[in-house]
Amino acid sequence: MLTNEFRIFDPLKDDVNTVPTLSGNYIFALRKNSKLPDIGIPVIYTKFRDYEVIYVGLASTSLRDRDVEKHFNGNAGSSTLRKSLGCLFGYNLIPRDSHYNNNGKTKFNVTDESELSDWIKTNLLLFYYPNKEFDRIESLLIQALNPPLNLDKNHNVINSEFRKHLSKLRNQKPVHFYDNMGEIMNQRNLGKELYVQIWQEYLSEILYAINSISKTMKLNRSLFESVGNRKKSGYTFRLEIVDGIVPRKKGSAVARDLKKVLDKSIDFKTLANKKSIIISLNTNFELVVQVI
């Protein structure tokens, strides 16, 4: 069925621009000798061009945006595939943003999302087919290929136990990134160390970024704004750290509170020893970590 219409994309060697910005359908399959994480429930695969299929989907606007950007490089908050794979690996879900109570969206922490991106690129291949009948074709693909990670529209008895277990994993209550909001608000009321608790939440991601030599991570703007109104002075800063010594930053409570967290971290001191590190926060609330 439509076998010859699908083109292949290998993230390890193909240019992302070869995938068109058109609507269509896609198939994710395991590379030869690759397997899904073992959760103790056997999986029966259907093959497409001799590759074991794990997931199919549609892109109503852009295959390049949906397939390459969201699935290969995005986060679980905008990719069903990534969320399912991360849950199979046992990663802890966290709220995608500060609106979790309203939207229920979840993702994984920066370290897990990065590891997941590496695994997907190393273990999966993508087949895509630009077309305008993507809704109908997706239903046909699910029926024909019985992809184990497709929970919606998949009523095949084969792999039903696996899909039920995956559904439970995906619906687990997240490790709530904002569980400490009460403590943060208490700091606000006291008028001191407003951002310490927030930086403690981000510490593991900052340490991972230092290990990665260079990393840019998106911070939650509303979380910072909820504890300190800095519309006049702003939130941006730049810290030049040498041998683990974090400089004092006059006029920036945000940077000063980050210094307090880093100064108390033994792991940071170990990683930063004999290194020159620049940590900066820009106006888009992107924290840039560079080891130079």
Side-chain angles (χ1 to χ4, degrees), residues 6 8-13 25-58 66-96 104-128 138 141-177 204-205 208 211-212:
F6 281 83
I8 190 170
F9 173 78
D10 184 339
L12 296 182
K13 64 181 183 180
N25 297 90
Y26 54 90
I27 299 169
F28 273 97
L30 293 164
R31 294 177 188 269
K32 297 296 177 63
N33 301 318
S34 292
K35 293 293 180 185
L36 288 175
D38 185 5
I39 59 171
I41 302 175
V43 178
I44 297 174
Y45 299 97
T46 302
K47 290 187 176 182
F48 179 83
R49 294 187 190 171
D50 207 32
Y51 292 97
E52 295 175 331
V53 173
I54 63 166
Y55 184 76
V56 306
L58 62 82
R66 182 59 184 164
D67 299 345
V68 181
E69 299 303 330
K70 295 292 197 309
H71 292 318
F72 282 108
N73 301 304
N75 63 62
S78 57
S79 167
T80 298
L81 173 66
R82 292 179 68 92
K83 185 173 181 179
S84 291
L85 287 171
C87 287
L88 293 178
F89 276 114
Y91 296 156
N92 289 320
L93 291 164
I94 64 174
R96 188 184 71 176
K105 297 290 186 179
T106 54
K107 62 178 181 178
F108 306 111
N109 66 40
V110 172
T111 302
D112 291 341
E113 292 284 4
S114 180
E115 290 180 355
L116 191 54
S117 293
D118 290 341
W119 187 91
I120 291 173
K121 293 170 186 175
T122 304
N123 290 274
L124 301 185
L125 293 171
L126 171 73
F127 297 89
Y128 63 93
E138 182 191 49
L141 289 173
I142 290 174
Q143 292 177 31
L145 301 175
N146 186 25
L149 300 190
N150 281 83
L151 305 183
D152 189 31
K153 300 181 184 178
N154 191 349
H155 308 295
N156 200 312
V157 175
I158 297 173
N159 295 328
S160 61
E161 184 180 352
F162 176 87
R163 294 196 306 273
K164 287 178 183 177
H165 188 68
L166 174 58
S167 180
K168 289 180 181 178
L169 293 177
R170 287 171 51 89
N171 290 318
Q172 287 184 114
K173 184 179 179 181
V175 176
H176 213 291
F177 190 83
S204 63
E205 298 178 21
Y208 176 79
N211 252 331
S212 301

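Between Ile54 and Leu124 the shortest heavy-atom distance is CD1-CD2, 3.7 Å. A pairwise comparison of heavy atoms in Pro37 and Leu88 identifies CB-O, 3.7 Å as the closest pair. Closest of all the heavy-atom pairs between Ser34 and Leu30 is O-CD1, 3.6 Å. Smallest separation of non-hydrogen atoms from Ala76 and Phe108: CB-CE1, 3.5 Å. Leu166 and Pro148 get closest at one heavy-atom pair: CD2-O, 4.3 Å.
For the pair Asn154 (side chain) and Asn156 (backbone), a donor-acceptor distance under 3.5 Å is present. In this structure, Asn159 contributes its side chain and Ile44 its backbone to a donor-acceptor pair below 3.5 Å. In this structure, Arg49 contributes its side chain and Phe6 its backbone to a donor-acceptor pair below 3.5 Å. Judged purely by atom type and a 3.5 angstrom limit, Asn123 uses its side chain to pair as donor or acceptor with the backbone of Trp119. Side-chain atoms of Ser167 do not come within 3.5 Å of backbone N or O of Arg163 as any donor-acceptor pair.
Under the 4.5 Å side-chain criterion, counting only non-hydrogen atoms from C-beta, Ile27 is not in contact with Tyr128. Residues Val56 and Asn25 have side chains not in contact (no heavy-atom distance under 4.5 Å, counting atoms from C-beta outward). The shortest side-chain heavy-atom distance between Leu125 and Phe28 does not fall under the 4.5 Å cut-off. Counting heavy atoms from C-beta on, the side chains of Ile39 and Phe162 come closer than 4.5 Å. For the pair Phe89/Leu116, a side-chain contact is recorded, criterion being any heavy-atom separation below 4.5 Å from C-beta on. Residues Leu149 and Thr80 fail the side-chain proximity criterion, which asks for heavy atoms closer than 4.5 Å. No side-chain heavy atom of Val53 sits under 4.5 Å from any side-chain heavy atom of Leu141. Proximity of Phe48 to Phe127: side-chain heavy atoms (C-beta onward) are separated by under 4.5 Å at one or more points.
The CG atom of Leu126 sits 13.0 Å away from the OH atom of Tyr51 when rounded to the nearest 0.5 Å. The OG1 atom of Thr46 lies 6.0 Å from the CG atom of Leu145; values are rounded to the nearest 0.5 Å. Taking OG of Ser84 as the reference point, atom CG of Leu151 lies at 5.5 Å (rounded to 0.5 Å). If you take OG1 on Thr106 and CD on Gln172, they are separated by 10.5 Å, rounding to the nearest 0.5 Å. Separating the NE2 atom in His165 from the SG atom in Cys87 is a distance of 10.0 Å, to the nearest 0.5 Å. Considering OG of Ser114 and CG of Asn75, their distance stands at 12.5 Å, rounded to 0.5 Å.
Counting only N and O atoms by type, the side chains of Asn109 and Asn92 include no donor and acceptor under 3.5 Å apart.
Partners of Ser204 under the side-chain contact (heavy atoms from CB on, under 4.5 Å) rule, at least two apart in sequence or in another chain, do not exist in this structure. Every residue was checked against the salt bridge (charged side-chain N to carboxylate O under 4.0 Å, His left out) condition with Lys168, not counting sequence neighbours, and none meets it. Every ring pair (Phe, Tyr, Trp, His ring centres under 6.0 Å) that Phe9 has, sequence neighbours left out, goes to Phe72. Under the salt bridge (charged side-chain N to carboxylate O under 4.0 Å, His left out) criterion, Lys153 pairs with Glu138, sequence neighbours left out.
Judged as a salt bridge (Lys or Arg N to Asp or Glu O under 4.0 Å), the pairs with a partner in residues 30-42 (not counting sequence neighbours) are, in order, Asp10-Arg31, Lys32-Asp50, Lys35-Glu52. Within the structure, salt bridge (Lys or Arg N to Asp or Glu O under 4.0 Å) pairs that include any residue of residues 110-122 comprise Arg82-Glu113 (at least two apart or interchain).
With Ser79 as the fixed residue, the side chain to side chain donor-acceptor pair (under 3.5 Å) test singles out one of Lys107, His71, Glu69: His71.
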